[in-house]
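This report refers to the structure that appears directly beneath it.
Start at 1 with the first residue, then count along the sequence.
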Amino acid sequence: PKKGLTMVELTYLDSYKVKRTLTYEDFDEFLLTFSGCVTVPDSLKVLSITYNGHQLPFTGLIGDLYRQMYQLDLTPYQN
């Protein structure tokens with residue numbers, strides 16, 4: 001992906017252990033996706049999540065994403 005276009009990129013393993021990547025225009029859209037009914041099962045493992053090209057400090061499952069990311073201070077990752 002071209003730098004600067006994608007704000008949030010989420011990489012995870014699907015139920016077949018295949019690596020998948022989802023991209024979001026901005027952090028709010030990303031949070032919104034994981035705040036309600038998630039199309040991605042909660043039990044899948046997150047491999048990485050980047051914001052503006054910066055790796056965010058998260059390891060865990062899809063189900064834990066919203067709670068941890070909601071509280072994250074994005075200031076260090078803005079540029």
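Atom CD of residue Glu9 and atom NE2 of residue His54 lie 13.5 Å apart, to the nearest 0.5 angstrom. In this structure, CZ in Arg20 is found 10.5 Å from CG in Leu44, a value given to the nearest 0.5 Å. Interatomic distance, Phe27 CZ to Leu74 CG, rounded to the nearest 0.5 Å: 4.5 Å. The line from CD1 of Ile62 to OG of Ser43 is 9.0 Å long, rounded to the nearest 0.5 Å. In this structure, CG on Leu56 lies 7.5 Å from CZ on Phe30, to the nearest 0.5 angstrom.
Shortest non-hydrogen contact noted between Gln68 and Phe58 is OE1-CD1, 3.4 Å. Of all heavy-atom pairs between Lys19 and Leu47, the closest is CG-CD1, 3.7 Å. When all heavy atoms are compared, the tightest approach of Thr11 to Thr21 is OG1-OG1, 3.5 Å. Closest of all the heavy-atom pairs between Leu22 and Val40 is CD1-CG2, 3.9 Å. Scanning both residues, Ile49 and Met69, for their nearest heavy atoms gives CD1-SD, 4.2 Å. Counting all heavy atoms, side chain and backbone alike, Leu72 lies closest to Pro57 at CD1-CG, 4.1 Å.
With sequence neighbours excluded, no residue forms a side-chain hydrogen bond (donor to acceptor under 3.5 Å, both in side chains) with Asp28. By the side-chain contact (heavy atoms from CB on, under 4.5 Å) test, Arg67 pairs with Asp64, sequence neighbours left out. Partners of Gln78 according to the side-chain hydrogen bond (donor to acceptor under 3.5 Å, both in side chains) rule, which considers only residues two or more places apart in sequence or in another chain, are Tyr51. Thr75 pairs by the side-chain hydrogen bond (donor to acceptor under 3.5 Å, both in side chains) definition with Asp73, not counting sequence neighbours. In this view, Tyr66 and Tyr70 satisfy the ring pair (Phe, Tyr, Trp, His ring centres under 6.0 Å) rule, not counting sequence neighbours.
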Would Asp26 and Val8 count as a side-chain contact (heavy atoms from CB on, under 4.5 Å) here? Give the steps.
CA-CA 6 Å; Asp26 59 53; Val8 182; over 6 Å; no
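Residues Tyr16 make up the rest of the hydrophobic cluster containing Val18, defined by ILVMFWY side-chain heavy atoms closer than 4.5 Å, directly or through other members.
Using a 4.5 Å cut-off between side-chain heavy atoms of Ile, Leu, Val, Met, Phe, Trp and Tyr, with links allowed through other members, Phe34 and Leu61 fall into different hydrophobic clusters. Taking hydrophobic clusters as Ile, Leu, Val, Met, Phe, Trp and Tyr residues chained together by side-chain heavy-atom distances below 4.5 Å, Leu65 does not share a cluster with Leu13.
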